[in-house]
Amino acid sequence: MKYRNASSLILTLAMIGCGSENRQIVGSSNGAGSGGRPPAEIDAEQVEQLVGAIDTQADPSYVYAFEGAKFVPPEGRTLLIMGQTLDGIAEHVASFPDQPVPGGWAAYWGIPSMAGVDSTSTGESGSTHNHQELVDRYPNTVLQSGLWMVGTWDVAKRTAAGEYDSVIRDFSAWAKAADRPIYLRIGYEFDGPHNELEPTDYVAAYRHIVDIMREEQVTNVAFVWHSYASPPYQGYDISAWYPGDDYADWMAITMFSQAYNLQPGRYVDAVFEFAREKKKPVMIAESSPIGGIRPDGSAAWNSWFANLFSLAYERNVKAITIINENWQRFNFPGTDWADARLQNNPLVSAAFFAETNKDRYLKQSPELFDQLGYAP
């Protein structure tokens with residue numbers, strides 16, 4: 001697929017969210033959830049068995065005092081975030097009207113303009129984003145904001161050179177007015193080959209953005225350093241992209257195909273080890289069972305969800321973002337991603353809510369901001 005310019009590519013890349021390794025679906029129930037008939041009733045005992053397959057043992061070495069972090073849930077708690085398009089979010093809420101609203105929503109925008117923040121933007125893939133609409137529609141929730149920034153078209157260099165300073169200042173003013181915790185993933189998946197970000201360009205751009213936002217006295221934004229957690233661009237070590245302890249409040253990873261394995265792999269492990277070294281909290285910033293959720297059976301749960309939640313318990317993950325989307329809508333080139341919506345399968349969705357309705361997970365509530373240490 002060809003793209004006219006940087007602006008037309010922004011949201012398509014935002015929705016792709018990963019490179020070639022993550023496009024390979026390993027051990028999944030490949031296929032969309034559009035066919036067949038779901039079971040009329042859900043067996044409560046079977047749901048209990050599925051949730052019971054999650055290993056809730058925590059590795060104590062990942063329970064440490066965080067340094068230089070903001071808006072971190074209390075010990076033993078995890079912030080639940082979902083996303084990531086306006087249509088997908090609205091569809092999720094409509095599909096589960098009796099379930100609690102998650103603690104936050106994920107959305108995307110690109111450094112060249114405020115489109116997707118204060119107005120609705122639509123990419124060539126059909127993805128729609130509008131931060132302000134989420135603020136208006138869902139009180140007492142946080143925002144997880146993916147800021148697109150790549151090496152293509154020298155976007156990172158142009159950011160560091162000050163070309164987009166007015167956009168950064170506009171976003172700063174908007175963020176302060178939003179008056180809620182915002183987790184800003186600056187140049188998310190910085191190490192992904194699809195983003196082509198040279199470490200020196202990325203670090204300069206990242207710091208430039210943070211410096212301006214601090215100059216604008218923005219206090220309700222946590223800065224998130226988000227790794228692709230797969231083979232990195234040009235084989236660089238992830239530390240080459242690190243902007244410094246004073247610039248990263250959180251670290252984050254992508255979990256798509258990685259969660260189809262009991263062990264997530266050395267690239268995921270490397271981020272957790274780096275976070276432990278730096279004493280930073282870790283967020284799963286993008287995750288979805290891209291092999292699809294079929295309309296019956298528990299294959300998606302057994303092969304993906306149980307692994308994801310087990311990892312979150314084991315590694316003391318402080319925020320999880322689940323992307324509830326039909327990936328076939330977007331026709332991504334070079335992918336075989338399927339329909340991964342929870343509403344496809346009553347059994348899988350029942351197990352999902354049985355797990356996430358535990359007190360462990362922070363969801364929408366008047367107390368949420370206090371629980372995150374944010375005072376409006």
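Within the cation-pi definition used here (under 6.0 Å to the ring centroid, within 45° of the axis), Arg214 qualifies as a partner of Tyr247. A cation-pi arrangement is present between Arg276 and Tyr62, with the terminal nitrogen or guanidinium carbon under 6.0 Å from the aromatic centre and inside a 45° cone about the axis.
Applying the ring pair (Phe, Tyr, Trp, His ring centres under 6.0 Å) test to pairs two or more places apart or on separate chains, those with a residue in residues 339-362 are Phe96-Phe353. Evaluation of the salt bridge (charged side-chain N to carboxylate O under 4.0 Å, His left out) test over residues 361-370, restricted to residues two or more places apart or in two chains, returns none.
Contact between Pro181 and Leu372 at its shortest, heavy atoms only, is CG-CD1, 4.3 Å. The shortest heavy-atom contact between Val282 and Ala275 is CG2-CB, 3.4 Å.
Shown are Ile182, Leu368, Asn220; of these, the side-chain contact (heavy atoms from CB on, under 4.5 Å) with Val142 is made only by Leu368. Applying the ring pair (Phe, Tyr, Trp, His ring centres under 6.0 Å) test between Trp109 and each of Tyr164, Phe171, Trp148, Trp174 identifies Phe171 as the sole match. Between Glu286 and the options His226, Gln84, Arg185, Gln144, a side-chain hydrogen bond (donor to acceptor under 3.5 Å, both in side chains) holds for only Arg185.
Shown here is Glu48, whose CD atom has no more than 12 heavy atoms of other residues, nucleotides or ligands within 6.0 Å. The number of heavy-atom neighbours closer than 6.0 Å to CD of Glu277, taken from other residues, nucleotides and ligands shown, is above 12. Within 6.0 Å of the CG atom in Asp359, the count of heavy atoms belonging to other residues, nucleotides or ligands does not exceed 12. Other residues, nucleotides and ligands place more than 12 heavy atoms under 6.0 Å from the NZ atom of Lys176.
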Check against ring-ring contact (aromatic ring centres under 6.0 Å, His included), Trp225 and Tyr242: CA-CA 8 Å; Trp225 186 70; Tyr242 190 55; 5.0 Å; yes
Verdict with reasoning, Glu355 to Arg360, per salt bridge (Lys or Arg N to Asp or Glu O under 4.0 Å): CA-CA 9 Å; Glu355 171 61 25; Arg360 175 183 182 86; 5.5 Å; no
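Between Arg315 and Asp269 a salt bridge is recorded (basic side-chain N to carboxylate O distance below 4.0 Å).
Using cut-offs of 30° and 60° for the angle between ring planes, the Tyr138 and Trp105 rings count as tilted. Ring geometry for Phe305 against Phe309 counts as parallel: the plane angle stays under 30°, on a 0 to 90° scale with 60° as the upper cut. Ring-plane geometry between Tyr236 and Tyr233 is classed as tilted, the angle between the planes lying from 30 to 60 degrees on a 0 to 90 degree scale.
With rounding to the nearest 0.5 Å, the separation of CG in Asp296 from CG in Asn345 is 7.0 Å.
Residues Trp250 and Val63 do not share a hydrophobic cluster, clusters being chains of Ile/Leu/Val/Met/Phe/Trp/Tyr side chains in contact below 4.5 Å.
Residues forming a ring pair (Phe, Tyr, Trp, His ring centres under 6.0 Å) with Phe369 (at least two apart in sequence, or on another chain): Tyr374.
Under a 3.5 Å cut-off, the side chain of Asp191 and the backbone N or O of Pro232 do not form any donor-acceptor pair. In this structure, the side chain of Tyr183 engages the main chain of Phe71 through a donor-acceptor pair within 3.5 Å.
Proximity of the aromatic rings of Tyr188 and Phe190 is defined here by a centroid distance below 6.0 angstrom, and this criterion is not met.
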